[in-house]
Amino acid sequence: MHQLTLAKISQALADKQFSARELTSHLLARIEQFDPQLNSFITVNQEAALQQADAADAQRSAGATSALLGVPLAHKDLFCTKDVRTSCASKTLDNFIAPYNATIVEKFNTAGCVSLGKLNMDEFAMGSSGETSFYGASKNPWDTSRVPGGSSSGSAVAVAARLVPAATGSDSGGSIRQPAAFNGLTGIKPTYGRISRWGMTAYASSFDQAGFLAHNAQDCALLLQATAGFDERDSTSAQQPVDDYTAALAQPLQGLRIGLPKEYFDSRLDARIGDVVHSAIEQLKQLGATFVDISLPTLPHAVPAYYVIASAEASTNLARFDGVRFGHRCDDPKDLEDLYTRSRNEAFGDEVKRRIMMGTYALSTGYYDAYYLKAQKIRRLIKNDFVSAFKDVDLILGPTTPNLPWHLGSKVNDPVAAYLEDIYTVPANLAGIPGLSMPAGMIDGLPVGVQLQAPYFQEARMLNVAHQFQQHTDWHAQAPAGF
Ligand code: GLN
């Protein structure tokens, strides 16, 4: 059962091959067996999950047929879940129980999904290795001495290890696509504003976007269908009509024009990953796509612009964790300042502190123009690069990451080295366009991802191409040994 995709699970539940309770119990037992080694869950909803499964089974017996009824999922631990801890993998929220559900969680509950629990992540989604979590790093099931990527580390590990068929994630600079690439999964970051941010704890509000990690594009389409759309509680949520993502999967690729940015294929890229990308290009050519060389000249400035703006936004978003309004409070404060200072100092990890300091600095008088304002100008240029590239091509293809998953601990003391690993993923967040990573090969037993990027709200086209690729390859179907 645990090897099935979401679409197959949905079919099997409809055909009564097994019940939602049987499936949920089976996955809970797998979590108990494997998660002590992988550390992908922060909280497991043992009892509530079985109750949701029973309710779904009862509805199916009464004739209900909706696709996600009884389908198990798990959520990144920054989505607010009523009555269940939402920690953002931070000590400051270690005992925080949200009084409401995030819109995305509510939509899945209404669809009848079973929530197995809350998944590990980098603290407040700051990181690309999973190692900044207060609850300890998650391990990559393909090689447990390596990082699973981040910040949606637990989401990727739990899906890759077949503990849950799909999971929610969030992507502000690559946090869905990069761990998807490192774990042999398909991960989609929709257009900024496509899925409501209501109830998703803010890290860098103008980048944050919810999305999914699953085994294939078809499953991503199902999940996006259930959650995309306008939400009046999120002022940045898009009014754009929602496409039929599943119907679009079957479209042939004849006539499709895909751009290859020359800046993606330079010495930063591990040449072996370059070879994987080129084999994906060959495959897509056989399916009818045409490739066009393009240029995104501002690419080299994307990482510094992202880290300045994201840190600035983080520094203001995290001001609310002051021990008064939210978060851990220190013992016996001498006065108000002592309360703020010690509460925050005791409860934030090093990476979060580093970003609050960088962000506060970039926003301070005298430095605002030199850093924050300049980064915003670069952001606009990056957006313009994409807009003009998309006048000529339907999609852009390239690697998701420049390198393979690194060894746990190897970049912990070199944050800039870790930041530079985000080179191919942050541009989509700076521009707000959608991106998807799909498995396209293996190097030394480790999965490699290829990234597709599309114009605003063209998720359907991106899913279509990934689906057609997956009809002719089986990289997405491979499981790590032992899982
Ligand atoms: N790795 C990036 C960072 O550390 C992206 C994080 C994210 O997308 N949440 O900020």
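Every number for a ligand or one of its atoms is a count from 1 in the order of the listing. Please read all numbers here as calculations on a predicted model, not as lab measurements.
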(message) Can you name the atoms of ligand 1, numbered from 1 with element, that are less than 4.0 Å from a heavy atom of Asp171?
(response) 8 (O)

(request) May I ask you to say whether Lys189 pairs ionically with Asp171, meaning some side-chain N is under 4.0 Å from a carboxylate O? (result) no

(message) Test of understanding: given a 4.0 Å heavy-atom threshold, classify the contact between Ser151 and ligand 1 as side chain, backbone, both, or neither.
(response) side chain

(message) Suppose I only count heavy atoms of Ala125 and a 4.0 Å limit; which atoms of ligand 1 are within that range?
(response) 6 (C), 7 (C), 9 (N)

(request) Give yes if a backbone or side-chain nitrogen or oxygen of Tyr203 is under 3.5 Å from a nitrogen or oxygen of ligand 1, and no if not. (result) yes

(request) Return the option from Tyr419, Tyr307, Tyr306 holding the heavy atom at the smallest distance from atom 5 (C) of ligand 1. (result) Tyr306

(message) Assess, by modelled atom type and distance only, whether the side chains of Asn39 and Ser138 contain a donor and an acceptor separated by less than 3.5 Å.
(response) no

(request) Tell me yes or no: between the side chains of Lys76 and Ser151, is some donor less than 3.5 Å from an acceptor? (result) yes

(message) Taking the basic N atoms (NZ, or NE/NH1/NH2) and the acidic carboxylate oxygens, is any pair closer than 4.0 Å for Glu421 and Lys411?
(response) yes

(message) So that I know where these two stand, are Tyr203 and Phe124 an aromatic pair - ring centroids less than 6.0 Å apart?
(response) no

(request) Show which atoms of ligand 1 fall inside a sub-4.0 Å distance from at least one heavy-atom site of Gly127. (result) 1 (N), 2 (C), 3 (C), 4 (O), 6 (C)

(request) Return the option from Ser311, Gly173, Ser175, Ala204 holding the heavy atom at the smallest distance from atom 6 (C) of ligand 1. (result) Ser175

(request) Considering the heavy atoms of Ser172, write down every atom of ligand 1 situated less than 4.0 Å from one of them. (result) 7 (C), 8 (O), 9 (N)

(message) For ligand 1, which is the ligand I care about here, please tell me if Gly150 has any N or O atom under 3.5 Å from one of the ligand's N or O atoms.
(response) no

(message) One thing to verify: whether Asp322 and Arg329 come together as a salt bridge, which I'm taking to mean a side-chain N less than 4.0 angstrom from a carboxylate O.
(response) no

(request) Answer with side chain, backbone, both or neither: which part of Arg355 has a heavy atom less than 4.0 angstrom from an atom of ligand 1? (result) side chain

(message) Taking the basic N atoms (NZ, or NE/NH1/NH2) and the acidic carboxylate oxygens, is any pair closer than 4.0 Å for Asp94 and Lys91?
(response) no

(message) Give me the nearest non-hydrogen protein atom to atom 2 (C) of ligand 1 as residue plus atom name, then the distance to 0.1 Å.
(response) Asp422 OD2, 3.2 Å

(request) Check whether the ring centres of Tyr424 and Tyr264 lie less than 6.0 Å apart, and answer yes or no. (result) yes

(request) Identify, by atom number and element, the atoms of ligand 1 in contact range of Gly174, meaning under 4.0 Å from any of its heavy atoms. (result) 8 (O)

